[in-house]
Amino acid sequence: MTNSFWKQGELIEVQITDTTDTGDGVGRSHERVVFVPDTVPGDRAIVRLVHVKPNYAHAKLKQILQPSTHRIRPSCIVADKCGGCQWQHINYEYQLEAKRNQVIQALERIGGFVQPPVDLVLRAASPLGYRNKATYPMGVSATGNVQTGYYQKGSHQLINLNQCPVQDPRLNSLLAEIKQDIQKRNWAIYNEKDHTGIIRHLGLRIGRRTGEILLTLVVKDWDLPGIKEQAQEWLNRYPALVGVCLNYNPKRTNTIFGRETRCIVGNGYLREEFAGLEFQVRPDTFFQVSTETAETLLQVIQSELHLRGTEVLLDAYCGIGTLTLPLAKQVHQAIGLEIQPEAVEQAICNAQNNQISNVTFLTGTVEKLLPQLEIKPDIVLLDPPRKGCDRQVVETLLTFQAERIVYVSCKVATLARDLKLFCENGVYTLTRVQPADFFPQTAHVEAAAFLVRSQLP
């Protein structure tokens, strides 16, 4: 069959049978695959082809002929436009099923595992109102009003929000009022097209357990007239607000935060309780957005490791010590590696604040630091960025022959790729994979994979 039988702009009928790892529905027409956002397995729909290739096409949903039994009405009135969520139209139980299937398929197709041992997904305590962090791009409407929200799907068209159903509801009351204050101050909003204006993003963080809130404006220029007075006004108005910060990002980039942050009033961090410890979390600190689910996954890791207090633990991508420190309390010695000096500084501070003295934090890339370690770990914890581990990291760890490896991943494709390297020569055996739903209403899934060193002859 040639493209003459399948044209861009054509309306076709499809039956949706699966989902991609980015959340789009997958259907088939004339033996070719069609990817359709905003659909659910079980939907029968009319779609318009918008991008046609010889063996597949991307399409846009035009009409639901027969809705899936998993389809529900979204909680958000702009869910069909906003790019913050992909799955508000899918009931939560099926979201969990689809995410487990996503993990299984990646391990089978990319990792080459046969019947991988994947548990049911750890469900979120609540599928709404769970996010402890929101970072909103800012813009100006056609009538000159200050806006903030998320970009429309597949574009940089801002969808203005005054509340968001997936963020902690205690943050919603700040959105509309802060926009009004910025409008009154006549502060220039950043325009990414011509790189003019000052305020790029509004960042809000909250300690789920402490209730402390941190407000950050990401700016292209430090010169924001009246910022100290306005920051103090916000601090006086919102009892839970503990600090107002500016983060400096002068570059033409899609990266949200720049390298330097200044506290204008109050504290430059909020306090959060996690796993019985207290952590200081700054505006640009990496800290899982779903505090409760991250804590539940940590409990699974602790249970699976059966720690006796004699082990040496290596946390190879430790951040501010979110996982390192709770585990350090159960082992003889812990070592954390982290590329960002600011994160290491926070990790050391968090260790001191919690009177944990058996942990050492080192600054640098994992691939450079690993060969320099003077002690070989019994347990290795990996929690790399989405790109996964550098090949050199895997090869070095294979020479360490640690008894156990725990690999926590936010991208199952790279997880499957790296697990294949650990297991392909029989050095390690994959014993369990525990997915966790850190991001309800989206297609993202977190997973912890457990490897045990094989007893080779």
Side-chain angles (χ1 to χ4, degrees), residues 16 19-20 22-25 35-40 43 45-48 50 58-64 67-68 70-92 94-95 98 124 126-183 189-193 199-206 215 218 254 256 289-290 437-444:
I16 304 299
T19 59
T20 68
T22 58
D24 291 349
F35 301 104
V36 191
D38 306 315
T39 58
V40 193
D43 280 344
I46 299 294
V47 303
R48 185 182 298 280
V50 295
H58 293 273
K60 183 177 181 180
L61 176 64
K62 297 303 292 183
Q63 180 185 357
I64 297 290
S68 166
H70 308 302
R71 178 176 283 276
I72 61 172
R73 176 174 291 185
S75 300
C76 180
I77 60 173
V78 295
D80 61 330
K81 301 180 181 67
C82 177
C85 300
Q86 300 95 46
W87 278 2
Q88 281 206 32
H89 59 286
I90 303 178
N91 73 53
Y92 188 55
Y94 190 75
Q95 289 186 33
S126 172
L128 295 171
Y130 65 89
R131 288 188 63 97
N132 59 33
K133 174 188 176 184
T135 309
Y136 298 106
M138 303 204 69
V140 180
S141 71
T143 57
N145 292 321
V146 172
Q147 296 183 319
T148 189
Y150 289 118
Y151 290 124
Q152 188 170 351
K153 296 174 183 177
S155 78
H156 269 211
Q157 180 68 37
L158 195 65
I159 302 299
N160 190 45
L161 299 175
N162 286 325
Q163 61 179 0
C164 176
V166 296
Q167 75 175 16
D168 189 304
R170 291 171 288 184
L171 297 177
N172 283 327
S173 62
L174 281 70
L175 271 180
E177 294 176 350
I178 289 172
K179 283 189 290 186
Q180 291 173 5
D181 293 332
I182 291 173
Q183 182 99 33
I189 304 302
Y190 180 71
N191 185 322
E192 64 178 356
K193 292 181 180 179
I199 303 181
R200 304 173 68 128
H201 287 80
L202 167 64
L204 298 172
R205 301 196 83 146
I206 185 167
L215 187 160
V218 180
N254 289 329
I256 294 176
V289 299
S290 181
D437 193 16
F438 284 18
F439 305 94
Q441 316 308 329
T442 79
H444 300 297

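If you're wondering where the values come from, they're calculated on a predicted model, not measured in any experiment.
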Practice item. Report the C-alpha distance between Q167 and N172 in whole Å, list the side-chain angles of each, state the deciding distance to 0.1 Å, and finish with yes or no for side chain to side chain contact (heavy atoms under 4.5 Å, CB included). Key: CA-CA 8 Å; Q167 75 175 16; N172 283 327; 2.7 Å; yes

Point to revise | Trace of the side chain to side chain contact (heavy atoms under 4.5 Å, CB included) decision for I256 with V218 | key: CA-CA 8 Å; I256 294 176; V218 180; 4.3 Å; yes

**Study point:** Stepwise side chain to side chain contact (heavy atoms under 4.5 Å, CB included) check, I199 with M138
**Key:** CA-CA 7 Å; I199 303 181; M138 303 204 69; 3.5 Å; yes

Practice item. Report the C-alpha distance between L215 and L204 in whole Å, list the side-chain angles of each, state the deciding distance to 0.1 Å, and finish with yes or no for side chain to side chain contact (heavy atoms under 4.5 Å, CB included). Key: CA-CA 5 Å; L215 187 160; L204 298 172; 3.9 Å; yes

Exercise for review: Just do the side chain to side chain donor-acceptor pair (under 3.5 Å) check on N160 and K179 with the steps written out, would you?
Suggested key: CA-CA 11 Å; N160 190 45; K179 283 189 290 186; 2.9 Å; yes

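S141 places a side-chain N or O within 3.5 Å of a backbone atom of N145 that can act as its donor or acceptor partner. Listed for the Q86 side chain is no donor-acceptor partner under 3.5 Å among the backbone atoms of T442. Between the N132 side chain and the V289 main chain, a donor and an acceptor come within less than 3.5 Å of each other. Of the possible polar contacts, one joining the Q95 side chain to the Q441 backbone as a donor-acceptor pair under 3.5 Å is found. A distance-only check finds no donor-acceptor pair linking the side chain of Y92 to the backbone of P440 [under 3.5 Å]. Without hydrogens or angle criteria, S68 side chain to V40 main chain gives no donor-acceptor distance under 3.5 Å. A donor-acceptor contact shorter than 3.5 Å is absent between the side chain of S126 and the backbone of Y130. A distance-only check finds no donor-acceptor pair linking the side chain of D43 to the backbone of A45 [under 3.5 Å]. Counting only distance, with no hydrogens or angles, the side chain of Q183 and the backbone of V146 share a donor-acceptor pair below 3.5 Å.
Atom CD of Q157 and atom OH of Y151 lie 10.0 Å apart (nearest 0.5 Å). Separating the OG1 atom in T39 from the NZ atom in K60 is a distance of 14.0 Å, to the nearest 0.5 Å. Taken from CD1 in I189 to OG1 in T148, the straight-line distance is 8.5 Å, to the nearest 0.5 Å. Here NZ of K133 is found 5.0 Å from CZ of R205. Values are rounded to the nearest 0.5 Å.
Applying the ring-ring contact (aromatic ring centres under 6.0 Å, His included) rule to F439 yields the partners H444; only residues at least two apart in sequence or on another chain are considered. Under the salt bridge (charged side-chain N to carboxylate O under 4.0 Å, His left out) criterion, D80 pairs with no residue at all, not counting sequence neighbours. Every ring-ring contact (aromatic ring centres under 6.0 Å, His included) that H70 has, sequence neighbours left out, goes to Y94.
K62 places none of its side-chain heavy atoms less than 4.5 Å from the side chain of V47. Side-chain contact between Y136 and L175: present, with at least one pair of heavy atoms (C-beta onward) separated by less than 4.5 Å. Residues D24 and T19 are not in side-chain contact: their nearest non-hydrogen atoms beyond the backbone lie 4.5 Å or more apart. Q88 is listed as a side-chain neighbour of P165, based on a closest heavy-atom distance under 4.5 Å. Proximity of T135 to L202: side-chain heavy atoms (C-beta onward) are nowhere separated by under 4.5 Å. Contact check for V140 versus Q147: no side-chain heavy atoms found under the 4.5 Å cut-off. In this structure, the side chains of Y190 and P137 stay at 4.5 Å or more apart for every pair of heavy atoms.
Checked for salt-bridge contact, R131 and D168 miss the test: no charged N lies under 4.0 Å from a carboxylate O.
What you find for I159 and K81 is that their closest heavy atoms are CD1-CB, 4.0 Å. The two residues C85 and V166 have their closest heavy-atom pair at SG-CG1, 3.7 Å. Across all non-hydrogen atoms, the minimal contact from G23 to W87 is O-NE1, 2.9 Å. Taking all atoms of both residues into account, the shortest heavy-atom contact from H89 to D38 is NE2-C, 3.4 Å. Smallest separation of non-hydrogen atoms from A176 and N162: CB-OD1, 3.6 Å. Of all non-hydrogen atoms in R170 and I206, the two that sit nearest each other are NE-CD1, 3.4 Å.
Counted within 6.0 Å of CD1 on I46, heavy atoms from surrounding residues, nucleotides or ligands total more than 12; the atom is thus considered enclosed. Residue E177 places its CD atom among more than 12 non-hydrogen atoms of other residues, nucleotides or ligands, all under 6.0 Å distant.
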